[in-house]
Amino acid sequence: MRFRIPAIAPSEITPSETYFGRRAFLAGALAAAGTALGRAGAAVLPPRAGLPLAYSQDAADSVDALVHAPNQNETPNTWDQITHYNNYYEFGTGKTDPAAYAGQLQVRPWNIAVAGEAEVTGHFALEDFVKPYALEERIYRFRCVEAWSMVIPWVGFPLARLLQQFKPTSRAKYVAFDTLYRPGQMPGQRVPVLKWPYAEGLRIDEAMHPLAFMVVGLYGRVLPNQNGAPLRLIVPWKYGFKSIKAIVRIVFTEQQPPTTWSEAAPDEYGFYANVNPSVPHPRWSQATERRIGNPFFHERQDTLPFNGYANEVAGLYAGMNLRRYF
Ligand code: MTE
């Protein structure tokens with residue numbers, strides 16, 4: 001992996017002081033000092049989104065996404081674009097709702113349950129999840145099923161490294177993820193627009209692929225709530241809805257798990273959801289995409305199979321009919 005300093009002018013990043021106020025900045029700085037994400041336990045204040053995130057490089061099993069991206073001239077979207085144009089129905093269906101309302105979500109303490117077909121199961125504090133892994137930056141293309149896209153410098157660690165710790169058994173064919181259910185702090189959950197909690201899943205070989213990534217940061221900073229803090233998945237070759245936010249439960253299963261969007265509209269959203277320009281959504285084409293930040297009159301760009309990661313992941317689907325398993 002080639003470690004990349006974010007290719008962005010500091011002036012484009014909202015200063016943390018402005019973002020959360022001076023007091024929050026100081027409190028968060030204390031918490032973040034010395035560890036990647038702050039230590040467990042009530043005595044330590046949670047790190048604040050937007051604060052610098054201390055992370056290191058681990059060359060062992062990482063991938064530099066930019067090396068594989070088809071167009072290396074792609075510039076990452078700005079912090080403001082990535083944090084103010086979101087899909088997060090727990091906070092409303094509008095693109096600016098998550099930035100407006102997700103601040104009220106308490107992301108510490110945070111526990112994650114691991115269950116199902118694995119030798120190691122139980123309840124774990126977030127800090128137990130994150131501490132053992134060196135954090136790295138991955139600049140990934142992100143393609144939403146709504147035919148817009150961004151380029152995002154995430155910070156996190158490979159999902160496989162996390163899952164291997166639980167020693168999945170040979171019966172673990174899939175892995176399922178659930179988002180937190182907390183209607184008191186997630187006002188969208190008081191309305192039945194989707195079946196709560198939001199749920200997603202991957203086939204185990206997809207989950208173990210080195211591009212599948214667990215994210216805790218953005219632009220070298222602590223992940224903002226609207227982007228899925230404190231822990232969210234990113235599967236860059238799949239439509240964005242697979243990339244579930246605010247994960248509290250991981251279950252290894254033998255059967256394909258139900259997933260929120262494929263249950264809500266099975267004809268429109270499949271379990272696989274691999275980015276595929278030749279399979280249109282029933283109500284719109286997937287052949288092209290609008291890069292967020294481009295001016296309105298800017299030409300749309302072609303969508304690439306597997307979002308440009310075909311060389312890495314197409315082998316996972318050898319022999320499968322991708323029109324049927326969309
Ligand atoms: N996760 C949860 N829990 N709830 C959601 O509504 N939306 C999904 C995905 N993960 C969603 C979610 C969709 S449709 C997209 S496109 C991405 O999150 C958006 O991620 P971003 O806001 O960080 O760009």
Side-chain angles (χ1 to χ4, degrees), residues 49-50 76-103 105 107 110 112 138-156 176-183 185-202 212-219 221-250 259-265 268-270 273-275 281 284 286 289-293 303 307:
N77 281 85
T78 65
W79 172 271
D80 276 344
Q81 288 160 352
I82 299 165
T83 60
H84 285 79
Y85 190 89
N86 300 102
N87 276 335
Y88 201 170
Y89 278 27
E90 285 84 341
F91 297 100
T93 54
K95 295 284 180 276
T96 55
D97 288 339
Y101 305 119
L105 178 66
V107 296
W110 193 270
I112 298 150
R138 300 276 184 93
I139 302 179
Y140 278 158
R141 299 163 137 234
F142 184 87
R143 172 61 158 77
C144 179
V145 75
E146 299 162 332
W148 52 264
S149 65
M150 297 202 208
V151 175
I152 306 183
W154 302 112
V155 179
F177 303 88
D178 282 351
T179 292
L180 176 72
Y181 179 69
R182 194 183 283 164
Q185 291 175 9
M186 295 176 131
Q189 289 179 335
R190 296 173 217 153
V191 191
V193 282
L194 287 175
K195 192 174 162 212
W196 310 113
Y198 194 101
E200 259 308 334
L202 295 170
F213 205 49
M214 275 303 210
V215 166
V216 297
L218 168 66
Y219 263 120
R221 289 158 184 257
V222 174
L223 191 66
N225 285 0
Q226 60 264 40
N227 292 92
L231 185 73
R232 66 96 51 97
L233 180 66
I234 286 292
V235 193
W237 68 95
K238 294 179 179 283
Y239 292 119
F241 66 85
K242 297 295 289 183
S243 293
I244 182 172
K245 298 177 171 182
I247 294 167
V248 292
R249 194 169 150 81
I250 298 176
T259 59
T260 296
W261 280 104
S262 65
E263 291 228 305
E268 303 190 13
Y269 310 104
N274 293 315
V275 174
H281 183 277
W284 60 83
Q286 295 290 20
E289 63 199 54
R290 179 174 70 92
R291 178 61 50 82
I292 298 301
T303 287
N307 201 25

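On a predicted model such as this, the values are computed, not experimentally measured, just so you know. As the structure lists them, so they are numbered: ligands from 1, and atoms in each ligand from 1. Here, residue 1 is the first one in the sequence, and each next residue gets the next number.
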(request) Would you mind checking which non-hydrogen protein atom is closest to atom 8 (C) of ligand 1, with the distance to 0.1 Å? (result) Tyr198 OH, 3.5 Å
(message) Please compare Pro98, Pro224, Gly92, Cys144 and report which has the shortest non-hydrogen distance to atom 16 (S) of ligand 1.
(response) Cys144
(request) If you have a sec, work out which protein heavy atom is nearest atom 6 (O) of ligand 1 and how many Å separate them, to one decimal? (result) Tyr89 N, 2.8 Å
(message) So for ligand 1, is Thr179 a polar contact partner (N or O within less than 3.5 Å, distance only)?
(response) yes
(request) Indicate, as side chain, backbone, both or neither, the part of Glu146 found under 4.0 angstrom from ligand 1 when only non-hydrogen atoms are considered. (result) neither
(message) What I want to know is whether Trp154 and ligand 1 share at least one N or O pair that is separated by under 3.5 angstrom.
(response) no
(request) Count the heavy atoms of every other residue, nucleotide or ligand shown that sit under 6.0 Å from CZ of Arg232, and state whether that count exceeds 12. (result) yes
(message) Lys245 vs Asn227, test: side-chain hydrogen bond (donor to acceptor under 3.5 Å, both in side chains). Steps then yes/no.
(response) CA-CA 7 Å; Lys245 298 177 171 182; Asn227 292 92; over 6 Å; no
(message) For atom 20 (O) of ligand 1, what is the closest protein heavy atom, and at what distance to 0.1 Å?
(response) Arg232 NH2, 3.1 Å
(request) Go through the structure and list residues passing side chain to side chain contact (heavy atoms under 4.5 Å, CB included) with Thr303, not counting sequence neighbours. (result) Arg143, Val275, Pro277, Glu289
(request) Give the single entry among Val215, Asn87, Thr83, Ile244 that approaches atom 14 (S) of ligand 1 most closely by any heavy atom. (result) Asn87
(request) Would you mind checking which non-hydrogen protein atom is closest to atom 10 (N) of ligand 1, with the distance to 0.1 Å? (result) Ser243 O, 2.9 Å
(request) Please report the closest heavy-atom contact between Trp79 and Leu218, naming both atoms and the distance. (result) CZ3-O, 3.4 Å
(request) Might you point out which heavy atoms bring Leu105 and Tyr88 nearest each other, and give the distance in Å? (result) CD2-OH, 4.4 Å
(request) May I ask you to check if ligand 1 and Trp261 share an N or O to N or O distance below 3.5 Å? (result) no
(request) Measure up the Tyr140 and Phe213 rings against each other and bin them: parallel (under 30°), tilted (30 to 60°), perpendicular (over 60°). (result) perpendicular
(request) Between Glu200 and ligand 1, find which residue part has any heavy-atom pair under 4.0 Å and reply side chain, backbone, both or neither. (result) neither
(message) To check your reading of the model: name the closest protein heavy atom to atom 4 (N) of ligand 1, its residue, and the distance in Å.
(response) Glu90 OE1, 2.8 Å
(request) Please name all residues satisfying ring-ring contact (aromatic ring centres under 6.0 Å, His included) with Tyr89, sequence neighbours left out, ordered by chain then number. (result) Trp261
(request) Please work out whether any backbone atom (N, CA, C, O) or any side-chain heavy atom from C-beta onward of Phe142 is under 4.0 Å from ligand 1, and answer side chain, backbone, both or neither. (result) side chain
(message) Can you confirm if the aromatic rings of Trp154 and Tyr219 lie within a centre distance of less than 6.0 Å?
(response) no
(message) Rounded to the nearest 0.5 Å, what separates atom NZ in Lys95 from atom CG in Asn87?
(response) 3.5 Å
(request) Select the closest option to atom 22 (O) of ligand 1 among Lys242, Lys245, Gln226, Met186, judged by heavy-atom distance. (result) Lys245
